*Asks:* 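Structure incoming, see below.
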Amino acid sequence: MTAARPKRPFALWPLLAAAAVGLAILVGLGTWQLQRLAWKEELIARVEARTHAAPVSLAEAERQWAVTGEAEYLRVTVTGQFIPGRDNAYFTTGSAGPGYQVYAPFRSTDGRVLLVNRGYIPEKLLPASSDDVLPRPAGEITITGLARASEVAGLFSGPAPTAGATRPWLTRDLPGMAEHAQLPDFVSPEQVVPFFLDLERDFTHPDAYPQGGTTRLEIPNRHLEYALTWYGLAALLVVMTGLLIRSRRTGV
């Protein structure tokens, strides 16, 4: 009869070390999500305040940009006129399905040049060639919209549209759009404003295209949910580790 082998002692410290590392990671992720929550709530409050505030002048918006490096969602009013140059089409969806936001060059009365997002048009209204432009208001007008920053191209941004092509932009690329617009010779790079302007909705002509008011203001905020998930997993790890240690010590 073969003698029973003695049980090897339970290695407690490797288990505790692994559990401690896992616990630190989970608690760290939960804390990071709480920090993100505070940042997101501040962002939402700032966007809410700016989009409901009285509009500022273009000069004031540019001053804020120069000081802080951002003017996102500021309501800006400017007087000037649309100038020659190609439209830029940015892919989006709207009330009539897939379509485009149309960006056109606009020069203020003091010589500053903006790329203005005139709003959404259905896919069928996009001209056959990028050299064709949608009809623009003539003469001097006053427009109001929200300042929007340029975006960094991502993995799915694709190449920029080429001359004569109708392929849309998938990224709000200010330098690329300004180049593609082929601004007139009297416009120098120093005159171009460092942000876009998204026109507000014109409710006096609600069915007209382009249809302004395209800025998406619904900012997702699920960071509290994520934080509770990570903290819940941390608590579960503690409980499971305790049960495992108990079972190994009692042989259950």
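Keep in mind the model is a prediction, meaning the values are calculated, not measured. Side chains included, hydrogens not; waters and symmetry mates left out as well; all remaining heavy atoms used. Residue numbers start at 1 and run along the sequence shown.
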*Asks:* Would you tell me whether D110 and S108 have side-chain atoms, one donor and one acceptor, within less than 3.5 Å of each other?
*Replies:* yes

*Asks:* How close do P105 and R86 get, heavy atom to heavy atom, and via which atoms?
*Replies:* CD-O, 3.9 Å

*Asks:* Got a sec, which residues hit side chain to side chain donor-acceptor pair (under 3.5 Å) with Q191, two or more places apart in sequence or on another chain?
*Replies:* S188

*Asks:* Would you name the heavy atoms of R216 and T92 that are closest together and state the gap between them?
*Replies:* NH2-OG1, 3.8 Å

*Asks:* Evaluate the side-chain contact (heavy atoms from CB on, under 4.5 Å) criterion for residues L134 and R118: first the C-alpha distance (whole Å), next the side-chain angles of each, then the deciding distance (0.1 Å), finally the verdict.
*Replies:* CA-CA 10 Å; L134 292 173; R118 297 179 60 200; 4.0 Å; yes

*Asks:* May I have the step-by-step check of side-chain contact (heavy atoms from CB on, under 4.5 Å) for F106 and I141, ending in yes or no?
*Replies:* CA-CA 10 Å; F106 183 93; I141 59 174; 3.9 Å; yes

*Asks:* Do W169 and F91 pass the side-chain contact (heavy atoms from CB on, under 4.5 Å) test, and can you show the C-alpha distance, the side-chain angles, and the key distance before you say yes or no?
*Replies:* CA-CA 6 Å; W169 292 88; F91 181 77; over 6 Å; no

*Asks:* If we ignore hydrogens and angles and just use 3.5 Å, is the side chain of R136 paired with the main-chain N or O of I83 as donor and acceptor?
*Replies:* yes

*Asks:* Carefully, step by step, assess E41 and I44 under the rule side-chain contact (heavy atoms from CB on, under 4.5 Å).
*Replies:* CA-CA 5 Å; E41 288 177 339; I44 292 173; 5.7 Å; no

*Asks:* Give, for atom NE2 of H180 and atom CG of N88, the distance between the pair rounded to the nearest 0.5 Å.
*Replies:* 6.0 Å

*Asks:* Is there side-chain contact between R36 and Y226, with at least one heavy-atom pair below 4.5 Å?
*Replies:* no

*Asks:* If you measure from CD on Q101 to CG on L199, what distance do you get to the nearest 0.5 Å?
*Replies:* 11.0 Å

*Asks:* Check T171 against M177 and note the closest heavy-atom contact, atom names and distance.
*Replies:* O-CE, 3.9 Å

*Asks:* Please check this pair: side chain of K40 against backbone of P220, looking for a donor-acceptor N/O pair closer than 3.5 Å.
*Replies:* yes

*Asks:* With a 4.5 Å limit on heavy-atom distance, are the side chains of R148 and E72 in contact?
*Replies:* yes

*Asks:* Among the clusters formed by ILVMFWY side chains lying less than 4.5 Å apart, do L58 and L146 turn up in the same one?
*Replies:* no

*Asks:* How long is the span from the CG atom in L228 to the CG atom in L233, to the nearest 0.5 Å?
*Replies:* 11.0 Å

*Asks:* With a 4.5 Å limit on heavy-atom distance, are the side chains of I121 and Y209 in contact?
*Replies:* yes

*Asks:* If you look only at pairs with a residue in residues 39-60, which of them pass as a ring-ring contact (aromatic ring centres under 6.0 Å, His included), with sequence neighbours excluded?
*Replies:* none

*Asks:* Looking at residues at least two apart in the chain, or sitting in another chain, which of them share a salt bridge (Lys or Arg N to Asp or Glu O under 4.0 Å) with E179?
*Replies:* none

*Asks:* Identify the two heavy atoms, one from A147 and one from V76, that lie closest to each other, and give their separation to 0.1 Å.
*Replies:* CB-CG2, 4.3 Å

*Asks:* Hydrophobic cluster membership, with links at side-chain heavy-atom distances under 4.5 Å among I/L/V/M/F/W/Y: are I245 and V239 in one?
*Replies:* no

*Asks:* Just to verify, what does E151 make a salt bridge (Lys or Arg N to Asp or Glu O under 4.0 Å) with, not counting sequence neighbours?
*Replies:* R172

*Asks:* For residues 14-35, which side-chain N or O atoms pair as donor and acceptor with protein atoms under 3.5 Å away, sequence neighbours left out?
*Replies:*
residue : atom : partner : partner atom : Å
T31     : OG1  : V27     : O            : 2.9
T31     : OG1  : Y231    : OH           : 2.9
Q33     : OE1  : H223    : ND1          : 2.8

*Asks:* Measuring from atom OG1 of T51 to atom OH of Y73, what distance do you get when rounded to the nearest 0.5 angstrom?
*Replies:* 9.5 Å

*Asks:* Parallel, tilted or perpendicular: which one describes the rings of F195 and W65, with boundaries at 30° and 60°?
*Replies:* tilted

*Asks:* For residues V238 and L243: do they belong to one hydrophobic cluster (side chain heavy atoms under 4.5 Å, members Ile, Leu, Val, Met, Phe, Trp, Tyr)?
*Replies:* no

*Asks:* Taking all non-hydrogen atoms of both residues into account, name the closest pair between A71 and A61 and its distance.
*Replies:* CB-O, 4.0 Å

*Asks:* Going by the rule side chain to side chain donor-acceptor pair (under 3.5 Å), which residues pair with T77 if we only count those two or more places apart in sequence or in a different chain?
*Replies:* T144

*Asks:* F82 and V187: same hydrophobic cluster, using ILVMFWY side-chain contacts below 4.5 Å?
*Replies:* no

*Asks:* Give the cluster check for L126 versus V133: same hydrophobic cluster or not, with ILVMFWY residues linked at side-chain heavy-atom distances below 4.5 Å.
*Replies:* no

*Asks:* Considering the options V116, L197, T142, which one meets the side-chain contact (heavy atoms from CB on, under 4.5 Å) requirement together with V78?
*Replies:* L197

*Asks:* If you round to the nearest 0.5 Å, how far is CG of L217 from CZ of R50?
*Replies:* 13.0 Å

*Asks:* Please round to the nearest 0.5 Å and tell me the distance separating atom OH of Y100 and atom OG1 of T214.
*Replies:* 15.5 Å

